[in-house]
Colleague: 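Below is a structure I'd like to ask you about.
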Amino acid sequence: MSSTSESNTAPRYLVTSALPYANGPIHFGHIAGAYLPADIFVRFLRLKKANVIYICGTDEYGAAITLNARKEGISPKELTDKYHRVIVGLFEKMQVEFDNFSRTTWPRHIENTQRIFLDLLKNGYVLEKTSQQQFCTHCNMFLPDRYIVGTCYNCGHEQARGDECPACGTWIDPLKLINPSCKMCGRAGLEVRETRHWYLDLPKLSPKLKEWLGEKTWWKKNVLNFIQNMIDQGLDARPITRDLDWGVPVPLEGAEGKVLYVWFDAPIGYLSSTMEWSEKRGEPNLWQDYWYNSECRMVHFIGKDNIPFHTIVWPGVLMGQDQPLILPYDVPANEFYNLEGAKFNTSTGWYIDVEDFFSKYQSDSIRYCIARNAPENSDSEFAWRDFQAKHNGELADIYGNLAARTFKFIHRYFDGRIPAAAEPTALDRETLAKMAEFPERVGHLLLDYRVREAAQEFMNLARLGNRYIDSSEPWKTRKTDPEQCGSSLRIACRLLAELAVLSYPFIPQSGTALWRQLRLDGTPQNQSWDDAAEIELPQDHPIGEAEIMFNKLTDEQIEAEIEALKARSAAQTGASTESHDAKSIEIPPIKATITYDEFAKLDMRVGEILAGENVPKSNKLLRLEIDLGCEKRQILAGIAQFYTPDQLVGRKVIVLANLAPRKLMGMESQGMLLAASLDSDLAALTIDNDRWATLPNGSPVS
RNA sequence: GGCGGAGUAGCUCAGUUGGUCAGAGCAGGGGAAUCAUAAUCCUCGUGUCGGGGGUUCAAAUCCCUCCUCCGCUACCA
């Protein structure tokens, strides 16, 4: 590719995206945070004639992978092979193009990781400590904190995790948890065993880090705020090894069964992947032109969950090792991208099937939709309605239609050839002057990682084109002043050529399609961003047939997608319950005994559901009106994933009537609908046999 | 619990260091035009800038306080 084309003026860039964890497919949330912004940035830099390489790969170690592999009955290697392929396939569909996409199981990556570990140890940045940890004799492994469940010693909640109690919010010391059990096998009787681990001495690196971070005045504010806080609170030594058999082995005598943590080796993957790229190119030392080059700007695109690793731990690791490796130049972290109001979640069916998606839609549509609403400063989300609006209203109507009206006109009245230029009118001059401003304006925004504004701005160039054609009215001048008419269309074509280049980083297929219709040499990628407004079109140059680049998405189609998403979510939530039997779900133990008096405080009544509706913007809540005989109540029940309002109206249910009211989603809930639930399944307590149905509303339950 | 973010027109959101900052896009009303995927272009906003208090000649923008929502909390990757 053109990635190494020499240029003395433009800076050299090493761009990375967070290594996706090869534990499952990635989704649009990942794409929006770490990949699409980086891909756009890289394509743009290439047009700016910068020397840039774009590096990534799958992250393939860690406990989660061994657990999932065990669940699927395959080896960790087989699991990561599978998801490596899946992830590569997705990037191809998204048109995210890396210079190299490696894997952390690549042998030289293991060498790199071990060497860096040994450097850190030798230089005194790694401490050895023994500690007590919970060990599950059945699973034969030390348990990560989140895989330990027990009773909270602070509030008595039975389902406290080893890291935090969901009820009272206390930070849990897993060793103090009462009746701890293993979340994986469900068994109690954990043993506390002593284990030896190595820790990265962040307190020792802290002064260097502080000084280094102090210079990063150009970093995004959300990133700086976050880490400033963390540093101010003081850094703790962090364990970088763990007891596991799937990972980079600790290269020391007596350290059998210990591997380096995935977060330790994953960023080193950037280095390893660059080396692999070098090797593949047959220039084994080429990577040093980047990693040993203090003029090279290393930019890490990540999601916000990765900020501590990339701004503190990883730079600390780089500082403490012996090679002259460069430190990150910038870490433009993005926030999260959700789906229709909730987080992407594969296990509950709240996701978009990528295979299915790309069988119906173009990558440019989703790229543009995400770019226009990228989670730069706060979380944002994908919504089908918004997707339709962006696709139809902007890509098809403004961008695609500009090309169509221009090209068709030329074919119809100018024999499909670029007309001659005439003496420019005032309007021409004004338009050309505005066109000339776009490369710098859009480019400036991109260098600032303001993708959403940049996308809006390139679309404004298309708007300028539409306005120009409307104002110059070639359908009139065709009869009154053919020369002027031709000249107008020529300018419109020049604008389209510019648009092809400026839109290329965002929507590469469409940019290329425009270029092709203009029958210009090469591709937009070979052009110069700065000169995009100056592209010359020879007189009589034949252009291609006008293509429809974006077909409209119908309301029915979009409705169907929304329905399908909801249906799958409901089905998958149901499906997971069917598998309960097979998977030996833990039945929670019986709670502590209470007295009759305590029980008698509860006032439960029979109530009839009079009406129900979904609570706007909530996935879980239904607003129900319930007749309790003596009065009517509004109750918000978290059962929307299990019942539609229709299924409930007319049913008799049991309501806890003297529960203190509570506000949910801005509405007051005056009581609680009783329901049985386990895991993620739920069934409301209804009364529908003949005898019970005759009981009046408001009958007490005891 | 700690930290952080957000609350601005019906919807999605912009608003650098306080003074044309009360805005853009969409939706909606009106109009022009007809080359084009019924696409385009022009035009129209009486919004307590979450509530309250304060600083100031001047605050959406600074300070205090309250309310609501959300995220993160690095030993889960």
Side-chain angles (χ1 to χ4, degrees), chain A residues 18-23 59-65 67 131 133 142-147 154 161-165 168-171 174 183 197 199 202 221-222 225-230 232-233 235-236 238-240 242 261-266 304-309 311-313 335-336 338 343 372-373 377-381 383 385-386 389-390 392-398 400-413 452-453 456 459-460 462-463 465-476 478 485 488-489 492 546-552 617 663 665-666:
Chain A
L19 303 193
Y21 199 52
N23 190 32
D59 175 13
E60 308 201 348
Y61 293 121
I65 282 181
L67 292 173
S131 64
Q133 276 189 27
F142 285 98
L143 295 176
D145 293 347
R146 293 223 176 165
Y147 287 108
N154 186 45
R161 293 193 313 248
D163 58 341
E164 187 185 29
C165 173
C168 66
T170 307
W171 281 41
K183 197 174 178 182
H197 281 297
Y199 290 67
L202 286 172
K221 226 172 70 187
N222 59 339
N225 281 348
F226 190 86
I227 52 187
Q228 194 56 51
N229 236 299
M230 220 181 288
D232 288 348
Q233 285 172 12
L235 300 171
D236 295 326
R238 288 180 52 103
I240 54 176
R242 64 181 305 175
Y261 249 114
V262 279
W263 60 255
F264 180 78
D265 87 79
K304 64 179 165 187
D305 51 333
N306 254 323
I307 292 176
F309 296 116
T311 57
I312 293 180
V313 178
E335 308 288 308
F336 286 151
N338 298 317
K343 283 190 174 184
R372 284 279 278 112
N373 192 21
N377 302 313
S378 58
D379 290 359
S380 63
E381 65 181 51
R385 296 267 177 229
D386 180 58
K390 296 288 192 298
N392 288 355
E394 298 183 15
L395 289 174
D397 293 347
I398 295 176
N401 183 50
L402 173 65
R405 66 194 301 202
T406 305
F407 294 148
K408 286 192 177 177
F409 201 103
I410 292 179
H411 274 288
R412 200 154 143 198
Y413 299 113
R452 49 200 300 178
E453 282 176 82
Q456 188 165 7
M459 192 55 78
N460 281 341
R463 289 192 165 97
N466 279 316
R467 209 174 305 137
Y468 172 72
I469 292 181
D470 280 347
S471 307
S472 57
E473 300 181 306
W475 49 89
K476 281 187 184 164
R478 182 174 67 82
C485 172
S488 298
L489 286 156
E547 300 170 20
I548 296 293
M549 290 187 280
F550 298 95
N551 286 305
K552 298 291 188 76
K617 299 194 116 181
K663 270 193 140 183
M665 300 291 290

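What's counted below: heavy atoms across the whole structure, side chains too, no hydrogens, waters or symmetry copies. Letters A, B, ... are given to chains in the order of the sequence lines, protein chains preceding strands, and every chain is numbered from 1.
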Colleague: Using purine N1 to pyrimidine N3 plus N6-O4 or O6-N4 for Watson-Crick, or N1-O2 and O6-N3 for G-U wobble, each under 3.5 Å, what pairs with B/rA60?
Modeller: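 Its partner: none found.
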
Colleague: What integer distance in Å separates A/Leu402:CG from B/rC35:C1'?
Modeller: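 My rounded result for the distance is 11 Å.
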
Colleague: Under 4.0 Å between any heavy atoms, over every strand shown, what does A/Ala383 touch: base, sugar-phosphate, or nothing? Just pick one.
Modeller: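 Here A/Ala383 touches no strand at all.
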
Colleague: Can you tell me how far P in B/rC63 sits from the matching atom in B/rU55, rounded to whole Å?
Modeller: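 Looking at atom P only, B/rC63 and B/rU55 are 15 Å apart.
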
Colleague: Can you check the distance between B/rA59 and B/rG53, where both ends of the measurement are the P atom (answer in whole Å)?
Modeller: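 After rounding to an integer number of Å, I get 14 Å for this pair.
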
Colleague: Please state how far atom NZ in A/Lys476 lies from atom P in B/rC35, giving the value in whole angstrom units.
Modeller: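 It works out to 11 Å between those atoms.
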
Colleague: Compare the minimum distances between each of B/rC72, B/rC41, B/rU37 and the side chain of A/Asn466, then state the nucleotide with the smallest one.
Modeller: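 Among B/rC72, B/rC41, B/rU37, the one nearest the side chain of A/Asn466 is B/rC41.
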
Colleague: Can you check the A/Tyr468 OH to B/rC35 C1' distance for me, whole Å?
Modeller: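 So the two atoms are 14 Å apart, to the nearest Å.
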
Colleague: If the cut-off is 4.0 Å, is A/Arg405 near the phosphate of B/rU40, judged by side-chain N/O to OP1 or OP2?
Modeller: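 Checking A/Arg405 against B/rU40: no side-chain N or O falls below 4.0 Å of OP1 or OP2.
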
Colleague: Just compare B/rC35, B/rC41, B/rA39 and give me whichever is closest to any side-chain atom of A/Ile469.
Modeller: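 It is B/rC35.
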
Colleague: Taking the C1' atom in each of B/rU43 and B/rG51, what is the distance between them to the nearest angstrom?
Modeller: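 The same atom, C1', in both gives a distance of 36 Å.
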
Colleague: In terms of side-chain heavy atoms of A/Trp475, which of B/rA33, B/rC76, B/rA36 is nearest?
Modeller: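 Shortest atom-to-atom distance from the side chain points to B/rA33.
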
Colleague: Considering only side-chain heavy atoms of A/Arg412, which listed nucleotide, B/rC35, B/rC41, B/rA77, is closest?
Modeller: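 Closest of the options to the side chain of A/Arg412: B/rC35.
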
Colleague: Looking at every strand, decide which applies to A/Phe550 at a 4.0 Å heavy-atom threshold: base, sugar-phosphate, or nothing.
Modeller: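 Contact class for A/Phe550: base.
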
Colleague: For A/Leu395 and B/rA39, give me the distance from atom CG to atom C1', rounded to whole Å.
Modeller: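 Between C1' of B/rA39 and CG of A/Leu395: 14 Å.
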
Colleague: Under 4.0 Å, heavy atoms only, any strand: does A/Phe309 hit a base, just the sugar-phosphate, or nothing?
Modeller: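 The answer is sugar-phosphate, as A/Phe309 gets under 4.0 Å only of primed atoms, P, OP1 or OP2.
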
Colleague: Taking the C1' atom of each, how far is B/rG47 from B/rA24, in whole Å?
Modeller: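 The answer is 15 Å between these two C1' atoms.
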
Colleague: Verify, without hydrogens or angle tests, whether A/Tyr413 (side chain) and A/Lys408 (backbone) share a donor-acceptor contact under 3.5 angstrom.
Modeller: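 Pair absent, no side-chain N/O of A/Tyr413 close to backbone of A/Lys408.
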
Colleague: Under a 3.5 Å limit for both distances, which nucleotide forms a Watson-Crick or G-U wobble pair with B/rC76, could you say?
Modeller: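 Across all strands, not a single nucleotide pairs with B/rC76.
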
Colleague: Could you state the NZ-P distance from A/Lys390 to B/rC11, rounded to the nearest angstrom?
Modeller: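 Result: 16 Å.
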
Colleague: I want to verify a distance call: between B/rA77, B/rG25, B/rU40, whose nearest atom is closest to the A/Arg463 side chain?
Modeller: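 It is B/rG25.
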
Colleague: Identify, between A/Val313 and A/Ile65, the residue whose nearest nucleotide on RNA chain B lies closer to the 5' end.
Modeller: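 Result of the comparison: A/Val313.
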
Colleague: Within the pair A/Lys552 and B/rA38, is there a side-chain N or O less than 4.0 Å away from OP1 or OP2?
Modeller: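 A/Lys552 to B/rA38 OP1/OP2: no side-chain N or O under 4.0 Å.
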
Colleague: Does any non-hydrogen side-chain atom of A/Asp397 lie less than 4.5 Å from one of A/Lys552?
Modeller: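 A/Lys552 reaches A/Asp397 side chain to side chain.
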
Colleague: Is A/Leu19 touching bases, backbone alone, or none of the nucleic acid, heavy atoms closer than 4.0 Å?
Modeller: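 The answer is nothing, as A/Leu19 stays clear of every strand by at least 4.0 Å.
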
Colleague: List in chain and number order the residues that pass side-chain hydrogen bond (donor to acceptor under 3.5 Å, both in side chains) with A/Arg242, two or more places apart in sequence or in another chain; answer none if no residue qualifies.
Modeller: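 Here no residue qualifies.
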
Colleague: Looking at A/Ile398, is its backbone amide N or carbonyl O close enough to the side chain of A/Asn466 to form a donor-acceptor pair, meaning the two atoms are under 3.5 Å apart?
Modeller: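 A pair under 3.5 Å: yes.
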
Colleague: Looking only at side-chain atoms of A/Lys408, point me to the closest of B/rC76, B/rU40, B/rU37.
Modeller: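 The nucleotide sitting nearest to the side chain is B/rU37.
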
Colleague: Output yes when at least one side-chain N/O atom of A/Arg242 is less than 4.0 Å from OP1 or OP2 of B/rC76, else no.
Modeller: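 Checking A/Arg242 against B/rC76: at least one side-chain N or O falls below 4.0 Å of OP1 or OP2.
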
Colleague: Identify the nucleotide, in any strand shown, that forms a Watson-Crick or G-U wobble pair with B/rA9, with both distances under 3.5 Å; if there is none, say none.
Modeller: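 Checking every strand shown, B/rA9 finds no partner, since no pair has both distances under 3.5 Å.
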
Colleague: In whole Å, what separates the P atom of B/rU61 from that of B/rG19?
Modeller: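 Approximately 11 Å lies between the P atom of B/rU61 and that of B/rG19.
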
Colleague: Would you check if A/Asp236 and A/Tyr199 make a side-chain contact, meaning some heavy-atom pair closer than 4.5 Å?
Modeller: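 The answer is no, as the side chains (C-beta and beyond) never meet within the 4.5 Å cut-off.
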
Colleague: If you measure from the C1' atom in B/rC49 to the same atom in B/rC62, how many Å do you get, rounded?
Modeller: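 Rounded to whole Å, the distance is 16 Å.
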
Colleague: Look at the side chain of A/Asp397 against the base of B/rA39 and say whether a donor-acceptor pair falls under 3.5 Å; ignore hydrogens and angles.
Modeller: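 Looking at the base of B/rA39, it does not pair with any donor or acceptor on the side chain of A/Asp397 (distance under 3.5 Å).
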
Colleague: OP1 or OP2 of B/rC76 sitting under 4.0 Å from any side-chain N/O of A/Tyr261?
Modeller: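 For A/Tyr261, the contact criterion (side-chain N or O under 4.0 Å from OP1 or OP2 of B/rC76) is met.
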
Colleague: Contact between A/Leu395 and A/Lys390 at the side-chain level, heavy atoms closer than 4.5 Å - yes or no?
Modeller: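 No, too far: nothing below the 4.5 Å cut-off.
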
Colleague: Would you mind reading off the distance between A/Lys304 atom NZ and B/rA6 atom P, rounded to a whole angstrom?
Modeller: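 After rounding, the reported distance stands at 12 Å.
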
Colleague: Counting heavy atoms from C-beta on, name the nucleotide in B/rA39, B/rC42, B/rC75 closest to the side chain of A/Arg238.
Modeller: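 Given the options B/rA39, B/rC42, B/rC75, the side chain of A/Arg238 is closest to B/rC75.
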
Colleague: Tell me yes or no: between the side chains of A/Arg463 and A/Asn460, is some donor less than 3.5 Å from an acceptor?
Modeller: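 On atom types as modelled, these side chains qualify, holding a pair under 3.5 Å.
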
Colleague: So what's B/rA14 paired with, Watson-Crick or G-U wobble, going by both distances under 3.5 Å?
Modeller: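 No nucleotide pairs with B/rA14.
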
Colleague: In whole Å, what separates the P atom of B/rU17 from that of B/rG29?
Modeller: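 Comparing P positions in B/rU17 and B/rG29 gives a spacing of 39 Å.
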
Colleague: Measure the distance from CG on A/Asp470 to P on B/rA39 and round it to the nearest whole Å.
Modeller: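 It works out to 15 Å between those atoms.
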
Colleague: Whole angstroms only, please: what is the NE2-P distance between A/His197 and B/rC75?
Modeller: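 Result: 14 Å.
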
Colleague: Both A/Ile312 and A/Thr406 contact RNA chain B. Taking the nearest nucleotide for each, which residue is further toward the 5' end?
Modeller: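 Nearest nucleotide further toward 5': that of A/Thr406.
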
Colleague: Pick the P atom in B/rA14 and in B/rG50, then give their distance to the nearest Å.
Modeller: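 These two P atoms come out 13 Å apart once rounded.
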
Colleague: Do A/Leu402 and A/Ile469 make a side-chain contact, defined as non-hydrogen atoms from C-beta onward lying under 4.5 Å apart?
Modeller: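 Of all side-chain heavy-atom pairs linking A/Ile469 with A/Leu402, at least one is under 4.5 Å.
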
Colleague: With both distances kept under 3.5 Å, what pairs with B/rG71, Watson-Crick or G-U wobble?
Modeller: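 Result: B/rC3.
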
